[in-house]
Amino acid sequence: MEPEVLTLADLDDLLALCRAANWNQTEADWRRVLKLEPELCLGIRASGHIVAAAAAVTYPAWEGFPPLAWIGMVLTHPDHRGHGFARRLMTLLTTTLDRRGFAVQKLDATSMGQPLYEQCGFRAEQPIERWRREPSKKRVHATGVVEPFQYDPALDLPAFGWDRSRLLPSLLEAPGADAALTEGGFAMGRPGAIATYFGPCAARSPLAAKRLANWFLARHHGEVVFWDLLPQNGEAQALARSLGFRPVRTLVRMVRLAPGSTEPPRRDGHIFAIAGFEFG
Ligand SMILES: CC(C)(COP(=O)(O)OP(=O)(O)OC[C@H]1O[C@@H](n2cnc3c(N)ncnc32)[C@H](O)[C@@H]1OP(=O)(O)O)[C@@H](O)C(=O)NCCC(=O)NCCS
């Protein structure tokens, strides 16, 4: 069973994989990755169905810093685990990315995936947490000015460290997606299979992040909401807690760096919500 490149014809199998793993990803999420990176979505087929997958989303090089590949959607159907499928996919994906010059490769690892990633040359960088808010009848009131979203590299690039001008607009293509801009920050959200997803949110101050989170919750207070954040940003944790979110799981952000490469500077303190475990 050799890895193959995934296509839209595999969508039903890919969604079945996500449901078997209780993941939040929707059809729109898979369509986005397949559209952004048609050559970097890989799968393994058994009895005619895709039973294992792995994909990467890429961000371009800039000012002498290497490009970044973010690996995600690594999952194997429970009936087919332990046969080396994820290892085969990860080996092919990382060597393909090496060949294409992606000197920085990253991912957010579950405890099930971490041993495999360590064997593939990734090392732990920092923890990452999923926070969850239950539906509430209490209305949240939007505070301060928010405007329609527009990609602003001056805001996002110093925070994330790489150019997300391709990813961010593609997040808005999902039916039901939201985005807003305020002075010193922006935030987005999109529907999920289990919970509405808040993120990404980059903001230069906790006040801007609060305005954006309030804007989002004013629209989605009656829904379960997920918010993934870097606990190193204590302001993000404090804000999530004050708005009724609680931490529900911890993953590990991992990096695989080619020898001699350096990452661009970034400000984790300005990242109040990540874009998703599959995007960084
Ligand atoms: C993590 C996951 C993708 C591994 O898929 P897989 O196809 O079973 O993995 P492989 O058979 O290639 O095994 C690779 C390594 O995973 C680990 N692993 C596999 N099955 C395992 C099990 N039942 N218990 C603990 N570790 C296991 C081992 O380290 C293994 O290496 P080894 O063969 O040298 O022991 C799969 O368990 C999965 O889909 N889990 C749920 C979703 C998830 O957490 N994905 C990772 C997101 S970051």
Side-chain angles (χ1 to χ4, degrees), residues 24 26 29 108 126-152 154-161 164 167-172 174-251 253 266-280:
N24 199 34
T26 61
D29 291 321
D108 288 332
Q126 61 177 313
I128 177 138
E129 292 175 345
R130 165 151 293 175
W131 290 54
R132 174 183 168 121
R133 183 182 194 271
E134 300 306 324
S136 167
K137 288 207 181 75
K138 216 172 106 194
R139 291 197 73 86
V140 176
H141 295 287
T143 50
V145 182
V146 292
E147 298 162 24
F149 173 76
Q150 217 176 308
Y151 175 68
D152 177 2
L155 182 63
D156 192 50
L157 209 131
F160 184 69
R164 296 198 281 187
L167 173 73
L168 297 182
S170 81
L171 293 174
L172 267 180
D178 288 322
L181 195 66
T182 190
E183 198 188 332
F186 78 90
M188 295 183 151
R190 58 188 187 273
I194 300 168
T196 302
Y197 192 81
F198 175 64
C201 172
R204 292 196 191 108
S205 69
L207 185 66
K210 185 175 178 182
R211 211 178 288 149
L212 292 159
N214 280 340
W215 158 80
F216 191 77
L217 291 177
R219 301 158 83 97
H220 298 284
H221 62 91
E223 301 158 26
V224 178
V225 180
F226 284 165
W227 174 345
D228 299 332
L229 57 82
L230 301 166
Q232 280 192 12
N233 181 353
E235 303 274 14
Q237 279 185 321
L239 179 59
R241 196 178 295 284
S242 73
L243 292 169
F245 287 81
R246 296 291 171 262
V248 289
R249 55 190 296 218
T250 302
L251 284 78
R253 182 155 284 193
R266 61 165 200 273
R267 296 195 185 123
D268 287 346
H270 288 186
I271 297 291
F272 278 78
I274 68 160
F277 295 140
E278 69 275 46
F279 303 122

task: Give the ring-plane orientation class for Phe198 versus Phe216, where under 30° counts as parallel, over 60° as perpendicular and anything between as tilted.
output: tilted
Any donor-acceptor pair under 3.5 Å from [X] side chain to [Y] backbone:
| X | Y | answer |
| --- | --- | --- |
| Asn233 | Ile271 | yes |
| Asp178 | Met188 | no |
| Asn24 | Ala195 | yes |
| Asp29 | Thr26 | yes |

- prompt: Hey, does Ile274 have a side-chain heavy atom less than 4.5 Å from the side chain of Asp108?
  reply: yes
field: Test log, rule side chain to side chain contact (heavy atoms under 4.5 Å, CB included), inputs Val225 and Leu217
entry: CA-CA 9 Å; Val225 180; Leu217 291 177; 4.2 Å; yes
message: Quick one, Phe186 with Leu168, criterion side chain to side chain contact (heavy atoms under 4.5 Å, CB included). Give me CA distance, side-chain angles, the key distance, then yes/no.
response: CA-CA 11 Å; Phe186 78 90; Leu168 297 182; 3.8 Å; yes
For the atom pair [atom1] ([X]) and [atom2] ([Y]), what is the distance rounded to the nearest 0.5 Å?
| X | Y | atom1 | atom2 | answer |
| --- | --- | --- | --- | --- |
| Leu229 | Arg130 | CG | CZ | 10.5 Å |
| His270 | Asp156 | NE2 | CG | 12.0 Å |
| Leu207 | Glu235 | CG | CD | 11.0 Å |
| Leu157 | Arg164 | CG | CZ | 9.5 Å |

Criterion ring-ring contact (aromatic ring centres under 6.0 Å, His included) against Phe245, the qualifying member of Phe272, Trp227, Trp131: Trp227
field: Closest contact, heavy atoms only, Gly185 versus Leu212
entry: C-CD1, 3.5 Å
- prompt: So, for Ala213 and Leu239, which heavy atoms are closest and what is the spacing to 0.1 Å?
  reply: CB-CD2, 4.4 Å
Residues Leu251, Phe277; criterion side chain to side chain contact (heavy atoms under 4.5 Å, CB included); working and verdict: CA-CA 9 Å; Leu251 284 78; Phe277 295 140; 3.7 Å; yes
message: I'd like to know whether Arg133 forms a side chain to side chain contact (heavy atoms under 4.5 Å, CB included) with His221, so could you lay out the CA-CA distance, the side-chain angles of the two residues, the decisive distance to 0.1 Å, and finally the verdict.
response: CA-CA 9 Å; Arg133 183 182 194 271; His221 62 91; 4.2 Å; yes
message: Does atom CD (Glu134) have a neighbourhood of more than 12 heavy atoms from anything else shown, all under 6.0 Å?
response: yes
message: How about CD on Gln150, more than 12 heavy atoms from neighbouring residues, nucleotides or ligands closer than 6.0 Å, or not?
response: no
